[in-house]
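Taking it in order: structure first as structure tokens, then the write-up.
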Amino acid sequence: MKICPRCKKTYEDSWKVCLKCNTGLAEVARQDEFITAAHDEFKKIDSRLRKIEKALNIESPAPEQPHLAPAAQHITQPISQPAAGPITPSVTPAAAPDVNPPDKGDMESRIGLVWLNRIGLVALFLGAAFFLKYAFDNRWIGELGRVIIGLTAGFGMVAASEFARRKDYDVMAQGLHGGGVGILYLSIFAAFGFYHLIGIVPAFVFMALVTLYCGFWSTRTDWISSAVIGLIGGFLTPFLFGIEKISPSILFSYVILLDLGTLFISIYKKWGALNIGSFFLTLAVYISWTSASYTQDKWLFAASFVTAFFAIFCLLSIFRNLIYKEKSDRTDIILVLANGVAYFGELYFILNPFAGSLPGLLPLLLGCVYIAFSYSALTRCREDKGLVLSYVSLAVIFVTITIPIQLEHGWVTISWAIESLVLIWMGFKLNYFDIRKIGLILGTVSLLKALMIDFSYNPLIYGKNLFILNERMFVYVVVVLIIFAASLLYKKNKDIVSPAEKAMSRNMILLANFMILVQLSVEAKTYFAHIASLKAAEAPIAVTGRHMNEWRAFMTEYAKLSSARELTLSLLWVIYAFLLVAIGMYRKFRALRIMALALFGIAIFKIFLSDLSQLDRIYRIISFITLGVMLMVASFFYQKYRNEIRDFTMKD
């Protein structure tokens with residue numbers, strides 16, 4: 001414990017700010033460390049100097065108070081005033097023995113201090129266990145006596161631990177404490193499980209008291225080992241007694257008390273690993289109870305306790321952030337994410353049988369909860385990026401999960417695209433790049449789903465769709481509009497975008513045009529596939545046959561339209577490339593013009609390498625004439641506006 005220099009209130013080493021006067025304690029701690037280090041260094045120099053003086057037969061002056069200015073004079077005195085007597089050449093300052101204590105980090109110290117203690121403790125424990133077993137086997141000691149011996153040994157080792165701690169034998173004290181607590185746990189369990197000397201309630205209470213003692217002891221001594229032993233022992237207690245034998249209300253009330261104990265410890269100690277361990281042990285108890293005893297009629301009870309656990313760990317993950325204004329570390333972020341995902345899984349398992357037609361309502365509500373958490377974190381501790389992003393990520397995950405649970409097919413793609421646009425808008429509204437990044441990732445997923453998953457690029461499937469008036473066209477139009485809207489957001493906020501986003505508006509316009517071209521090409525094929533499907537359905541029975549394969553009949557008609565279909569694609573690409581050139585010149589948009597030239601190149605290769613050999617003569621003529629006209633007109637535009645193009649190309 002230390003004392004605040006302003007209000008004289010005692011405080012723990014882990015405090016950043018005095019809770020009484022709000023004085024920053026970090027600078028005070030640094031000053032204390034500097035003074036302590038300077039004092040230790042002075043003592044080392046003084047001790048070494050005295051040995052040198054003794055070796056050189058120099059009379060030492062009277063010792064002075066250990067402050068820095070006299071120490072400096074004391075050091076220089078033997079050098080400026082050497083003794084008149086002869087100096088023994090065999091004795092030099094370099095030969096003076098090193099009186100510094102051994103480094104605690106070297107191997108010898110670690111083995112001597114820690115491993116010998118731990119191994120000795122284990123050997124002592126095993127020896128005592130073998131002796132007791134021998135005594136038990138020979139009926140020297142009855143059942144009650146065995147329990148009393150165990151309790152006596154446990155309390156004795158705990159008392160010895162306190163004695164060793166006060167004598168500054170910390171390693172020995174920790175070993176005795178851990179062994180004593182372990183023996184207490186085993187003795188209480190033996191009294192209940194093996195010898196049936198006490199009932200489940202008193203055994204449960206005694207073990208809870210041991211766990212409570214470990215928690216208080218860890219905060220007093222700053223020993224995380226004590227807290228870990230108490231935590232493991234506390235959570236093992238239900239498993240030792242049998243989870244199915246314990247009343248659910250008692251079981252979960254007990255677990256809540258353990259979690260609140262962890263929360264209490266977090267007030268004084270920054271032990272993130274302890275918080276993580278408490279969470280996963282709580283989850284293990286809940287899953288074990290669910291597997292052994294859960295039925296649907298207990299849904300309200302289970303949901304209530306699951307929600308209580310969720311609230312405790314929500315608070316535990318940000319407790320030090322709230323109280324001490326500390327940034328969240330990796331263990332805090334892990335706890336935030338794991339708590340949210342586990343709560344959704346547990347609650348969805350409980351409530352899904354009652355969801356009816358609204359199974360996506362739960363993740364949607366959770367998404368709204370984490371949106372509120374995100375807003376709170378942004379307004380309260382905006383610089384804590386890890387915490388903000390963990391909340392935003394969970395909000396996005398739950399809202400994104402809601403959509404495929406509740407909707408299907410193209411509506412999922414549309415909803416994800418809208419969600420990505422909202423995230424990009426929020427990222428600009430809050431000036432938060434990472435939120436925009438999440439929106440871009442979700443938008444990419446939506447785009448890939450539209451292109452690769454939603455609709456089968458199969459001519460037979462095309463034939464069953466109407467030209468233009470179909471679900472695929474609607475989805476693509478909405479997605480393209482959303483991409484244009486996102487591009488507009490980046491353009492309007494170009495002054496605050498990060499360097500990585502400078503070209504985002506331009507790239508989105510190119511992407512939107514690519515999507516338009518893909519959809520127009522698919523619709524062109526849809527038109528001919530629909531005609532082929534109608535003709536195959538109208539074919540006479542003598543030709544198709546009663547059992548003729550539908551696919552074969554369709555492909556026969558579809559192949560007859562191949563020349564018209566390929567010509568349409570070629571013309572579509574050439575005309576679209578020409579329009580891109582015109583728009584690129586009008587809007588002074590160089591990237592759009594380059595895209596148009598690339599599309600012209602693809603169309604030229606298609607016409608010269610494919611259409612020339614496969615199309616009928618009339619279609620071939622139309623294809624080449626159209627290509628030639630469009631290329632000549634585009635070339636004319638480049639010739640006419642070459643100076644303007646050069647000027648605004650230099651500006652680009």
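For the numbers below, each heavy atom of this structure counts, side chains included, while hydrogens, waters and symmetry mates do not. Just so we're clear, the structure is a prediction, and the values are computed from it rather than from any experiment.
Looking at heavy atoms from C-beta onward, Ile267 lies in side-chain contact with Phe264 at the 4.5 angstrom threshold. By the 4.5 Å heavy-atom criterion applied to side chains, Ile414 and Trp411 are counted as neighbours. Inter-residue side-chain proximity for Met504 and Leu440 is flagged as met; some heavy-atom pair is nearer than 4.5 Å. Counting only heavy atoms from C-beta outward, the side chains of Arg382 and Val388 never approach each other to under 4.5 Å. With contacts defined as side-chain heavy-atom distances shorter than 4.5 Å, the pair Leu378/Ile435 qualifies. At least one side-chain heavy atom of Tyr348 sits less than 4.5 Å from a side-chain heavy atom of Ile405. Counting heavy atoms from C-beta on, the side chains of Val369 and Leu394 never come closer than 4.5 Å. You'll find the side chain of Phe239 reaches within 4.5 Å of the side chain of Val285, heavy atoms only.
The CG atom of Leu231 sits 10.0 Å away from atom SG of Cys214, with the distance rounded to the nearest 0.5 Å. With rounding to the nearest 0.5 Å, the separation of CD1 in Ile424 from CD1 in Ile482 is 10.0 Å. Note: Lys269 NZ to Ile224 CD1 = 10.5 Å, rounded to the nearest 0.5 Å. Distance CG/Leu423 to NZ/Lys429: 15.5 Å, rounded to 0.5 Å. Taken to the nearest 0.5 Å, the CG atom of Leu260 stands 11.5 Å off from the CD1 atom of Ile265. Put simply, CZ on Phe279 and OG on Ser317 are 10.0 Å apart, with the number rounded to the nearest 0.5 Å.
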Exercise for the section: Go through Phe206 and Ile198 one step at a time and tell me if the side chain to side chain contact (heavy atoms under 4.5 Å, CB included) criterion holds. Expected result: CA-CA 11 Å; Phe206 290 153; Ile198 57 176; 4.2 Å; yes

Practice item. Given side chain to side chain contact (heavy atoms under 4.5 Å, CB included), test Val392 with Met426 step by step and report yes or no. Key: CA-CA 11 Å; Val392 172; Met426 285 178 55; over 6 Å; no

**OP:** Would you sort out whether Phe313 and Phe309 count as a ring-ring contact (aromatic ring centres under 6.0 Å, His included), showing the intermediate values?
**Re:** CA-CA 6 Å; Phe313 286 106; Phe309 296 142; 7.5 Å; no

- Task: Walk me through it: do Val181 and Met157 pass the test side chain to side chain contact (heavy atoms under 4.5 Å, CB included)?
- Result: CA-CA 8 Å; Val181 170; Met157 291 180 72; over 6 Å; no

TODO: List the steps, then state whether side chain to side chain contact (heavy atoms under 4.5 Å, CB included) holds for Thr152 with Ile148.
DONE: CA-CA 6 Å; Thr152 303; Ile148 292 175; 3.9 Å; yes

Notebook entry, point to check: Should Tyr286 and Phe305 be marked as a ring-ring contact (aromatic ring centres under 6.0 Å, His included) after you check the CA-CA gap, both sets of side-chain angles, and the distance that decides it?
Noted result: CA-CA 9 Å; Tyr286 174 78; Phe305 276 101; 9.8 Å; no

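The side-chain hydrogen bond (donor to acceptor under 3.5 Å, both in side chains) contacts involving residues 443-453 comprise Thr413-Lys449, Lys449-Asp454, where partners must be two or more places apart or lie in separate chains. Every pair tested for ring pair (Phe, Tyr, Trp, His ring centres under 6.0 Å) that includes a residue from residues 430-454 fails, sequence neighbours excluded, so the list is empty.
Residues forming a ring pair (Phe, Tyr, Trp, His ring centres under 6.0 Å) with Phe155 (at least two apart in sequence, or on another chain): none. For Tyr490, the ring pair (Phe, Tyr, Trp, His ring centres under 6.0 Å) test picks out Phe428, with sequence neighbours left out. When the side chain to side chain contact (heavy atoms under 4.5 Å, CB included) test is applied to Leu212, the partners found at least two apart in sequence or on another chain are Phe216.
Shown here for Ser266 and Arg320, the closest heavy-atom pair between the two residues is O-NH1, 2.9 Å. When all heavy atoms of Leu361 and Gln406 are compared, the closest pair comes out as N-OE1, 4.2 Å. A pairwise comparison of heavy atoms in Ile350 and Pro353 identifies O-CD, 3.5 Å as the closest pair. Across Glu419 and Val396, no two heavy atoms sit closer than the pair OE2-O, 3.3 Å. In terms of heavy-atom proximity, Gly234 sits nearest to Thr211 at CA-OG1, 3.3 Å. The minimum heavy-atom distance linking Ser328 with Leu387 is given by the pair OG-CB, 3.6 Å.
Look at Glu501 and Arg436 and you find a salt bridge, because one of the NZ, NE, NH1 or NH2 atoms lies within 4.0 Å of a carboxylate O, short of that distance.
In this structure, Tyr375 has its ring center no closer than 6.0 Å to that of Tyr391. For Phe252 and Trp289, the distance between ring centers is under 6.0 angstrom.
In Lys298, the NZ atom is crowded: over 12 heavy atoms of neighbouring residues, nucleotides or ligands sit closer than 6.0 Å. Heavy atoms from other residues, nucleotides or ligands lying under 6.0 Å from NZ of Lys502 number more than 12.
Side-chain atoms of Ser288 come within 3.5 Å of backbone N or O of Ala284 as a donor-acceptor pair. Although no hydrogens or angles enter the test, the distance criterion places no donor-acceptor pair under 3.5 Å between the side chain of Ser376 and the main chain of Ala372. Formation of a donor-acceptor pair under 3.5 Å by the Ser278 side chain with backbone atoms of Leu274 is not found in this model.
No donor-acceptor contact under 3.5 angstrom links the side chains of Asn275 and Thr262, judged on distance only.
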Taking only distance into account, with no hydrogens and no angle test, what donor-acceptor pairs under 3.5 Å do side-chain atoms of residues 332-346 form with protein atoms, sequence neighbours excluded?
from   : atom 1 : to     : atom 2 : distance (Å)
Asp332 : OD2    : Lys270 : NZ     : 2.8
Asp332 : OD2    : Asp329 : N      : 3.2
Asn339 : ND2    : Phe310 : O      : 3.2
Tyr343 : OH     : Thr307 : OG1    : 3.0

